[in-house]
Amino acid sequence: MAEKVLMKGNEAIGEAAVLAGCRYYFGYPITPQSELPAYLSKRLPEVDGVFVQAESEVAAINMVYGAGSAGARVMTSSSSPGISLKQEGISYIAGAEIPCMLVNVVRGGPGLGNIAPAQSDYWQATRGGGHGDYRTLVLAPNSVQEMADMTVAGFEFADRFRNPVLLLSDGVLGQMMEPVTLPDPVDYDVNSKKWALGYNGKEKSERNLCSSIFLDVDELEEHNWHLYQKYQVMTDLFSTGEYKDFAVEEHLCDDAEIILVGYGIISRILKTVVEKCRKRGIKAGLVRPKVLWPYPAQVFERLAKTANQFLVVEMSCGQMVEDVKLSVNGKKPVYFFGRTGGTIPSDFEILNEVDKLVRPD
Amino acid sequence: MKKIFSRPESMSKKPFHYCPGCDHGVVHRLIAEVIDELEIKNRTIGVAPVGCSVFAYDYFDVDFNQAPHGRAPAVATGIKRVRPDSIVFTYQGDGDLAAIGTAEIIHAANRGENITAVFINNAIYGMTGGQMAPTSLIGMKTQTSPYGRDAATAGHPIHMSEMIATLESPVYVTRVTVNNPANLMKTKKALLNAFTLQKEGKGFSFVEVVSTCPTNWGKKPTDAHKWLTENMLPVFKLGTFKDTQGVEKS
Ligand SMILES: Cc1ncc(C[n+]2csc(CCOP(=O)(O)OP(=O)(O)O)c2C)c(N)n1
Ligand code: SF4
């Protein structure tokens, strides 16, 4: 086991990417994710990798499209406004089925908003963001350790599913310093993908094409159903299959009357709230989705049978709460508490909300 | 019998979908001939734009990526950085390269990416049905400049070759046309120069081809080159704007 090192979340993503075999990074500066490109601009040349500061997020994502098409493990990162600019490219990448790793260190919006931490890009992340019938696998870490681990896992998922993977983080996690055990290095070979441009193991007569255009309506329909089936496979793997434990964390849910729900940094606050509740005799539990798409609906279906109510807490005006409602499907009431604009709710505030729900008088 | 004219090996068998009198097909063929002559077919990767040549990948028998509108130089950058031994070219129209993708072409050129950009300047948006392009001529009537392009509100035709030649990194920037056999041979030579420079790792090369779009100009295919010669060439002067390696002298 490697020893622990103290790192900022954004840097941990960078080092984990290198260890996962990523040798290409393309990005454009934006707060609060700048530590990541800064780290990689220094680190990648040490391993004969390539760091390019692009002229815009639009260019950066298309460099990712090119590098991914050529078979590389490649990453880009940004924060909310920059991710908005990348959406057209992400849609092309999803359509052409090019693996890549995207990082959004979310800040407050809409518009220029501010640079404080937020969770208001949940809809953009989980609903596609760009145009067309496509899905992005969305991972939501809540510690520096998970930022590293999920980066490595993300590259594996991207290759396995030939799909973009998005790591959804926020300004707190990105800037936070914590001890982390770094993963073992992976030896990645750019000639491991037979479909890639320039793949050197081809017969002379073969050629490869990376494209998202299907002008014929029947062909596009067939392609879209093919993508849909892939997304179904992913949904199964993350809900009942191989990755079901990866997808969600449950804490004290078995006997819980009220289930608190939150992802990312919020889940850490919620853990404190659950402990305080328990001390006060309130049977509270926590569900933390670690994968935001495919959503761990099955957990809510099960808990809707045993718990009385759900309280979703987000740093937004209420986005993920829609997925919880869809999953609980009217069987039990689902409540929401949120702070937005860069404010992080305190455990005290949340506890107050729990009190109101559990002891309505 | 000796075969003296046949399809270049780097060209697929698929018939062109281009309109009669369109120069896209002519330029495709010249690029394919150059790829054959340099014996780089197995390591050439093309990047197709959005525009009439969106299906360029159907006509070349080499690896291809189909890029979002205007972003081909960024996509090409990503490909080339991963596969520095491959020969990477973009093929782009004037809407693609000189409007929506201006930033990408300028910055790929300025970084000195070791790629080749082939720029088809037909002074109009072909694929979308003949709207005004940044390269449309003053007074030119298009679907979106029905009274003729007015410099006061729509500016002047943009000269991409001249702009790119002001940058320090590009090694070769030239403007050619295929309006007659002599110019066609010059275009072929320019493409050969550009791809050779890339093959030798010299840096960014840019070949602008002043081209026809008879369909959206409202001209007969047979009149298109005449119109191009009389109207476009006085504005878009043929010539080489940058040749740091002196390829044209050798
Ligand atoms: C983001 C985006 N905006 C607009 C379009 C529509 N569009 C397709 S082709 C084109 C212009 C093509 O003109 P040009 O680049 O000059 O190439 P040509 O067709 O003349 O060869 C436009 C605007 C698009 N596909 N994507
Ligand atoms: S519309 Fe114009 S550019 Fe497009 S194929 Fe026809 S002639 Fe060529």
Side-chain angles (χ1 to χ4, degrees), chain A residues 23-26 28 44 49-74 76 86-93 95-96 98 100 130-131 190-191 193 195-200 202-215, chain B residues 9-12 17 40-51 53-88 90 100-113 115 127:
Chain A
R23 291 291 177 276
Y24 301 89
Y25 174 94
F26 305 95
Y28 186 83
L44 280 171
V50 170
F51 171 92
V52 177
Q53 180 169 320
E55 58 272 28
S56 68
E57 287 87 353
V58 177
I61 191 68
N62 284 290
M63 292 173 186
V64 168
Y65 182 26
S69 296
R73 283 197 162 174
V74 54
T76 184
K86 285 179 170 149
Q87 293 301 335
E88 183 201 33
I90 296 172
S91 168
Y92 273 69
I93 288 170
I98 306 301
C100 67
H131 59 286
V190 283
N191 277 311
K193 291 166 182 157
W195 51 262
L197 305 181
Y199 169 68
N200 66 4
K202 285 184 299 207
E203 292 291 314
K204 256 191 164 177
S205 57
E206 289 174 305
R207 62 172 207 124
N208 287 337
L209 171 67
C210 292
S211 166
S212 63
I213 185 173
F214 298 88
L215 208 57
Chain B
E9 228 192 279
S10 304
M11 194 113 266
S12 76
H17 71 280
I40 51 173
K41 177 172 178 288
N42 285 334
R43 58 184 176 115
T44 296
I45 302 173
V47 185
V50 178
S53 49
V54 64
F55 294 120
Y57 59 77
D58 267 344
Y59 307 125
F60 291 94
D61 192 22
V62 302
D63 283 5
F64 249 90
N65 173 297
Q66 197 293 305
H69 195 22
R71 319 302 173 203
V75 172
T77 298
I79 296 171
K80 186 76 180 195
R81 295 299 185 108
V82 175
R83 305 228 176 241
D85 295 332
S86 58
I87 304 295
V88 180
T90 70
I100 194 167
T102 321
E104 282 77 10
I105 192 66
I106 294 285
H107 288 277
N110 194 47
R111 283 190 304 271
E113 297 294 338
I115 60 173
M127 190 190 211

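Within every chain, numbering begins at 1; the chains are lettered A, B, ... in the order of the sequence lines, protein sequences first and strands thereafter. The structure presented is a predicted model; accordingly, all values stated were derived computationally and were not measured.
- Interface remark: A/Y24 contributes side-chain atoms only to the contact with chain B (heavy atom separation under 4.5 Å).
- Considering only heavy atoms from C-beta on, B/Y57 comes within 4.5 Å of A/I213 through its side chain.
- Shortest non-hydrogen contact noted between B/V75 and A/Y65 is CG2-CD2, 3.8 Å.
- In this structure, chain A has no heavy atom under 4.5 Å from any part of B/S86.
- Residues B/R71 and A/V58 form a side-chain contact, since some pair of their non-hydrogen atoms from C-beta on lies under 4.5 Å apart.
- If you tally non-hydrogen atom pairs under 4.5 Å between each of A/N200, A/N191, A/V74, A/I61 and chain B, the highest count goes to A/N191.
- Interface remark: of the candidates B/R81, B/R83, B/Q66, B/E104, B/R83 forms the most heavy-atom pairs closer than 4.5 Å to chain A.
- Here the closest non-hydrogen pair linking B/A74 and A/A59 is CB-O, 3.5 Å.
- Contact annotation for B/R43: neither backbone nor side-chain heavy atoms come within less than 4.5 Å of a heavy atom of chain A.
- For the atom pair CD (A/E55) and CZ (B/R111), the distance works out to 5.0 Å, reported to the nearest 0.5 Å.
- With respect to chain A, the highest number of heavy-atom pairs below 4.5 Å among B/N65, B/V47, B/T44, B/I79 belongs to B/N65.
- Here A/E206 contributes atom CD and B/D63 contributes atom CG; the two are 10.0 Å apart, rounded to the nearest 0.5 Å.
- Neither the backbone nor the side chain of B/V88 comes within contact range of chain A; no heavy atom of the residue lies under 4.5 Å from a heavy atom of that chain.
- Enclosure of atom OH in A/Y28 is not indicated, since only 12 or fewer non-hydrogen atoms of other residues, nucleotides or ligands lie within 6.0 angstrom.
- Your options are A/C210, A/S211, A/S69, and the one with the most heavy-atom pairs under 4.5 Å with chain B is A/C210.
- The contact between A/V50 and chain B is made entirely by side chain atoms (from C-beta outward), counting heavy-atom distances below 4.5 Å.
- Looking at A/L215, only its side chain comes within 4.5 Å of chain B, counting heavy atoms on both sides.
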